[in-house]
Peer 1: 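Below is one structure. I have some questions about it.
Both ligands and their constituent atoms are indexed starting at 1 by order of listing.
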Amino acid sequence: MSLTLSLDHLSPFITQKEIDAMAGEALDKVVMVHQKKGPGNDFLGWVDLASSIKSSFLEEVEEAAASLRQQCDAIVVIGIGGSYLGAKAVISALAHNFTQKPAVGVHPEIFFAGNNISEDYIAELMDVLEEKEYGLVVISKSGTTTEPAMAFRILKKHLEEKIGREEAGKRIIAITDAHKGALRTLAGREGYRSFVIPDDIGGRYSVLTPVGLVPIALAGYDIRTLVQGAADMEDLTCPARTFHENPAAQYAAARHLLYKAGKKIEILANYQPKLHFFAEWWKQLFGESEGKDGKGLYPASVDFTTDLHSLGQYIQEGERILFETVLSIEKPERKVIIPEDADDLDKLNYLSGKRYDEVNKMAELGTLLAHVDGGVPNIKITIEKLDEYHLGQMIYFFEKACAISGYLLGVNPFNQPGVEAYKRNMFALLGKPGFEKETEAIRKKIKG
Ligand code: PA5
């Protein structure tokens with residue numbers, strides 16, 4: 001079953017008539033995305049990637065994953081931003097909440113590194129790796145990003161000291177640019193198995209390239225079904241579809257109207273803890289794509305019902321600058337029935353015999369109605385279940401909607417010039433060669 005979009009809870013904030021009036025403009029942007037003629041058009045390789053991935057390429061990924069799995073009981077995936085969040089989102093969404101393992105088969109534990117610069121994090125990771133037969137997947141398109149480069153330098157040394165340089169080389173996969181960057185040079189020199197990140201796909205749109213597919217396959221998930229889900233969504237959102245057939249165009253139009261009506265923050269809400277990192281991926285996608293030129297909705301996220309006991313107060317009664325997009329999963333994987341209790345001290349017997357999920361669904365509906373009554377428009381996106389197919393659909397749906405939204409907003413959704421500012425300051429503060437002028441300037445600034 002396909003992902004469905006409900007815009008039924010946007011009235012009275014915006015009306016269906018207003019959304020329909022956006023159809024022409026939104027569909028123009030769909031064409032612009034497919035014709036690859038708009039701003040950032042050299043980064044549109046993801047648009048038809050899902051439908052054009054060859055089976056032989058997926059076989060290559062599966063084979064590399066199987067071969068590394070045979071040698072390792074743990075894998076560290078090193079990367080940051082777009083070179084980490086997609087794989088983390090999919091693996092977290094599919095894995096057991098507590099063991100972090102898939103339901104079937106024996107698969108390595110997956111750890112992530114290079115997505116922060118915490119000394120305790122890397123030291124404690126090495127504590128854990130001491131006891132493991134592990135391998136490394138290092139992912140960086142530029143091959144020069146500080147966080148993953150630092151983590152890789154340390155973990156490579158750790159692994160080489162543990163099992164020797166030659167053996168370590170057999171347990172390292174590098175995913176990077178085809179030609180340039182330090183990682184490409186190193187992979188060539190050390191003979192690491194490597195995969196290419198296509199030139200025309202930016203980090204946050206790269207889940208269906210080796211950036212996402214290699215870690216997801218290593219973790220034991222079905223990358224073919226993931227790609228199929230995305231390909232089906234590609235078809236559903238292509239220029240041949242009408243506005244009412246195309247959920248990405250409708251979502252983009254609705255959130256654009258909400259922005260124009262004064263909403264500044266979009267909150268992605270979920271009722272399944274496994275979707276926490278999907279929201280992190282979504283935040284990067286929309287935040288980096290739209291937040292520029294002094295414009296853009298701020299993408300935030302909540303895990304419900306947990307956050308109903310914290311941020312719920314603000315959402316219900318704080319500044320009316322918010323709208324919510326709720327991710328709803330129709331069917332849970334497991335079944336748990338609330339038992340009868342003879343004493344009923346907790347007064348929960350009215351729920352006995354019901355499924356846990358029934359309560360979750362009523363919390364979801366009750367919250368949606370309360371928030372709409374409180375002045376927070378709600379969009380609802382429903383998928384049947386949390387599996388590879390539907391995750392593939394959601395990934396492509398949001399990628400396409402984000403591109404359309406960015407064009408509606410009048411920005412280039414495929415660059416991220418703002419992420420360089422902190423790097424320049426950090427390099428200046430650290431005295432990186434080549435940053436001498438900046439170092440002098442920032443030192444003066446600090447001294448006041
Ligand atoms: O979306 C992006 O482009 C960024 O988040 C990058 O993916 C991130 O900075 C990592 O870059 P790289 O893959 O070059 O190490």
Peer 1: Hey, are K54 and E60 close enough for a salt bridge, meaning a charged N less than 4.0 Å from a carboxylate O?
Peer 2: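 No, K54 and E60 are not salt-bridged.
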Peer 1: Take a 6.0 Å sphere around NZ of K157 and say whether it holds more than 12 heavy atoms from other residues, nucleotides or ligands.
Peer 2: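 Result for NZ/K157: open.
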Peer 1: Under a 4.0 Å heavy-atom cut-off, what residues line ligand 1?
Peer 2: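 Under the 4.0 Å cut-off, ligand 1 touches I80, G81, G82, S83, S140, K141, S142, T145, G203, R204, Q284, E288, Q416.
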Peer 1: Can you name the residues that form a salt bridge (charged side-chain N to carboxylate O under 4.0 Å, His left out) with E290, not counting sequence neighbours?
Peer 2: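 Result, salt bridge (charged side-chain N to carboxylate O under 4.0 Å, His left out) vs E290: R255.
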Peer 1: Got a sec: does the CD of E420 have more than 12 other heavy atoms crowding it under 6.0 Å?
Peer 2: yes
Peer 1: Salt bridge between D199 and K180, side-chain N to carboxylate O under 4.0 Å?
Peer 2: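 Salt bridge absent between D199 and K180.
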Peer 1: Around atom CD of E440, are there more than 12 heavy atoms of other residues, nucleotides or ligands at under 6.0 Å?
Peer 2: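 At most 12 heavy atoms, drawn from other residues, nucleotides or ligands, come within 6.0 Å of this atom.
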